[in-house]
Participant: 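Structure incoming, see below.
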There are 2 protein chains.
Amino acid sequence: MTVTIKDVAKKAGVSPSTVSRVLSGHPRISLETSRKVKVIMEEMGYTPNMMAKSLVSKTTNSICIILPKPAEELFSNLFFMELIRGIVTQSSRSGYDVLISSGANEKEELEAVSRLLKGRRVDGVILLYSRKDDAVIDFLESGGYPFVLVGRSDRYEDILSVDNDNIMAAYDATNHLISMGHERIGFVSGPPNLIVSRDRLEGYRKAMQNKGLEMKAEWIVEGEFLQDSGYRAMSFFMNLPNRPTALVAVDDMVSFGVLRGLNELKYKVPEDLAIVSFNNIPLSELSSPPISSIDIGIYHLGYTASQVLIQSIQKPDNHDGYTNRFVIPHRLIVRESSMYTPGKQ
Amino acid sequence: MTVTIKDVAKKAGVSPSTVSRVLSGHPRISLETSRKVKVIMEEMGYTPNMMAKSLVSKTTNSICIILPKPAEELFSNLFFMELIRGIVTQSSRSGYDVLISSGANEKEELEAVSRLLKGRRVDGVILLYSRKDDAVIDFLESGGYPFVLVGRSDRYEDILSVDNDNIMAAYDATNHLISMGHERIGFVSGPPNLIVSRDRLEGYRKAMQNKGLEMKAEWIVEGEFLQDSGYRAMSFFMNLPNRPTALVAVDDMVSFGVLRGLNELKYKVPEDLAIVSFNNIPLSELSSPPISSIDIGIYHLGYTASQVLIQSIQKPDNHDGYTNRFVIPHRLIVRESSMYTPGKQ
DNA sequence: CTGTGTAAAGCAAACGGTTCCATAAGGAGG
DNA sequence: CCTCCTTATGGAACCGTTTGCTTTACACAG
């Protein structure tokens, strides 16, 4: 059978309480006893039963990641994988285990979260999305459970969240194109209900306005975070009478679609159309030409989210009400897709 | 406070045991009582405490995924994300939670596994690799813990594993190139201690021998499952006096590296070098040109692994000793990177 | 009317820890 | 020499479930 704290106690000739105290490094245990007990634990191959521990301590030392349902779509996976990698690495450094969960729909998601949290299987939750209205967030808030959002929430001001400054990031991306000499710049956005889409669009607008550049309505196209959206946007743009010489795309996948389309039509990048996009996924540097991209530090995003969550689990009172939004820095990686000044031969 | 089984019992005017039995659908509970209790549970928002349940039932309804130690790098490979997706989907269908874990080195991995299993935090483990000698496997076997290997183990015959027929897969890949008219075919392998590397190499050899084609030693290069390996292999191959006209790469990531290198040197794919690789990760069709790849059903691999593990947890005795190796079918996806017959103009 | 069988529910002992409170043994101070 | 304090340890209740064993309450046969 498995060896329990009582077995160790008996063999060491002490009481279970003493063994427990040795385990937790209680100060009032003599060095001698402590050493003796530790030797015996080692000898007997004792490992504490986490369930029993959790039962009394009401703490599990584990957290849970909720994947959004469109994570099922293969494309976004590279992004999520990086995020998870950051979370798992940091969690395990803090001695926490990570549980991953996802539901087929929002109702299932809510059920899972509720079961895990109310059933005391995890101490907190990381949400890998920022939807506009969300039953899961409502549940977490009203239940007072520790959780953090990767992404920004506009509805709830006091929620812990880890995010980029996407407005600034888009501003930087656009500005880069402007500084290369572009004046007619298009924008391919994502779904309008995602906050990230809107933030990036806003950054683009700001940059254009700032330089007093014209923004035709037709230069802004909505799509998904998918290749196809880029493909369609491209063919739309290229048929415009006074078409853009450059574009900002909300996601690298979109750029790939644009690239594919331009390639089919024998257009050249960046000569016929310069491109900058977001996320800097590993493939961005592998396309031809390599794509300029805003690196948003995905791994770092996950790492920080875990850190913030665990901190909030351990000292729930430490929340000062100010620093509840953590912003991960971004940086522009300039590659071939944007290295061209229009009009130049 | 959280509502317990006792609270429900009191409010319903029954004993805790009765509530427990209602919960588990015990036969000797009157329909009337059952209904009454269920209403009250609903009213009070009762959720069973998993820790308490686990403590007595010695079962956690969760499993654990162990990521290989170079997870930091390999993680970036979409392969693992797909695998995890399959595992999580199937597990949640079976009512199991999934914990993901990894260590900085083999010792840490072993510690984590031991802590989780002996500490009764998980019921079983899925190993996402198949190394040659492995302390973790030794531990799992000697402890009699339920586990399954994604990949093949040559050392332990009776281990549950889910795998592809990698020998056949490589045979097919190579044969495809041969049937396109190639005769000088190179092979970029992975780390030699991974069984998958060796199996694929063997399949390549078989195909070459079968057609009586020459296999120069210098046409076989060892590397990692990373882009860089492809990059290096490429530059090595292209400098060979009588260089290969095609190559088989052990992983799609390797192909990306090859592609990048060839692109830099202004070589054309597939005209100057045709490529086929393995895994068919979602990005394979997005590169330019799209890469021919052996689809090994990664998602399916994960899905099956979870199924097999959970089955073995639930009926440990059901193991017949025969069907302990599950083989997931593969299929060749031909794309542009291999659609060229050498010598043709 | 008593004995027996059966369905429904209760009691209490686990499961493996933690922790408050009590206790015993010294040592210091008066 | 007695009291009081400190330090090291033991005892026991408790965390929220499950489950084997009783008990209760009838119904029915003898």
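Numbered from 1 within each chain, the chains take letters A, B, ... in sequence-line order. Excluded from the calculations below are hydrogen atoms, water molecules and symmetry mates; all remaining heavy atoms, backbone and side chain alike, are included.
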Participant: Just the rounded figure in Å: distance from P of D:dG16 to CE of B:M41.
Facilitator: 17 Å
Participant: Does A:R325 come within less than 4.0 Å of A:D158, counting only side-chain N to carboxylate O?
Facilitator: no
Participant: With the threshold set at 4.0 Å, does a side-chain nitrogen-carboxylate oxygen contact exist between B:D123 and B:K58?
Facilitator: no
Participant: Distance check needed: C:dT18 C1' versus A:M50 CE, whole Å only.
Facilitator: 14 Å
Participant: Please list, pair by pair, any protein nitrogen or oxygen found under 3.5 Å from a nitrogen or oxygen in nucleotides 23-27 of chain D.
Facilitator:
none

Participant: What is the distance from CG of A:L55 to P of C:dT18, rounded to the nearest Å?
Facilitator: 11 Å
Participant: Using distance alone, with no hydrogens and no angle criterion, decide if B:S20 and B:S17 have a side-chain donor and acceptor under 3.5 Å apart.
Facilitator: no
Participant: Applying a 4.0 Å non-hydrogen cut-off, can you work out what A:G13 is touching in the nucleic acid: base, sugar-phosphate, or nothing?
Facilitator: sugar-phosphate
Participant: How would you label the contact of A:T33 with the nucleic acid (heavy atoms, under 4.0 Å): base, sugar-phosphate, or nothing?
Facilitator: sugar-phosphate
Participant: Quick check: are there more than 12 heavy atoms from other residues, nucleotides or ligands sitting under 6.0 Å from NZ of B:K36?
Facilitator: yes
Participant: Tell me whether B:N49 contacts the main-chain N or O of A:R120 through its side chain, where contact means a donor paired with an acceptor under 3.5 Å.
Facilitator: no
Participant: Would you say the side-chain atoms of B:S94 and B:S91 include a donor-acceptor pair closer than 3.5 Å?
Facilitator: no
Participant: In whole Å, I'd like the distance from the CG atom of A:L31 to the P atom of D:dT9.
Facilitator: 10 Å
Participant: Between atom CZ in A:R28 and atom P in D:dT9, what is the gap in whole Å?
Facilitator: 12 Å
Participant: Look only at the side chain of A:K38 and the backbone of A:T33, and say whether a donor-acceptor pair between them is shorter than 3.5 Å.
Facilitator: no
Participant: Between B:S54 and C:dC15, is there a contact of a side-chain N or O with OP1 or OP2 at under 4.0 Å?
Facilitator: no
Participant: Under 3.5 Å, is there a donor on one side chain and an acceptor on the other for B:T18 and B:S15?
Facilitator: yes
Participant: Using nucleotides 17-20 of chain D, report all nitrogen or oxygen pairs with the protein that are shorter than 3.5 Å.
Facilitator:
residue : atom : partner : partner atom : Å
D:dT17  : OP1  : B:Y46   : OH           : 2.9
D:dT17  : OP1  : B:N49   : N            : 3.0
D:dT17  : OP2  : B:I5    : N            : 2.6
D:dT17  : O5'  : B:Y46   : OH           : 3.2
D:dT18  : OP2  : B:S20   : OG           : 2.4
D:dG20  : O6   : B:R21   : NH1          : 3.4
D:dG20  : O6   : B:R21   : NH2          : 3.4

Participant: If we check side-chain contact (heavy atoms from CB on, under 4.5 Å) with B:V22, which of these qualifies: B:I40, B:V14, B:V37?
Facilitator: B:V37
Participant: Output the rounded distance in Å from NE2 (A:H26) to P (C:dG17).
Facilitator: 19 Å
Participant: Under a 4.5 Å cut-off applied to non-hydrogen side-chain atoms, are A:M41 and A:L23 in contact?
Facilitator: yes
Participant: Could you give the CZ-to-C1' distance, from A:R120 to D:dG16, as a whole number of Å?
Facilitator: 11 Å
Participant: Treating B:K118 as the side-chain partner and A:G45 as the backbone partner, does any N or O pair qualify as donor plus acceptor under 3.5 Å?
Facilitator: yes
Participant: Please list each protein N or O that sits under 3.5 Å from an N or O in nucleotides 25-28 of chain C, with the distance.
Facilitator:
none

Participant: Which is true for B:I29 with a 4.0 Å heavy-atom rule: it touches a base, it touches only sugar-phosphate, or it touches nothing?
Facilitator: sugar-phosphate
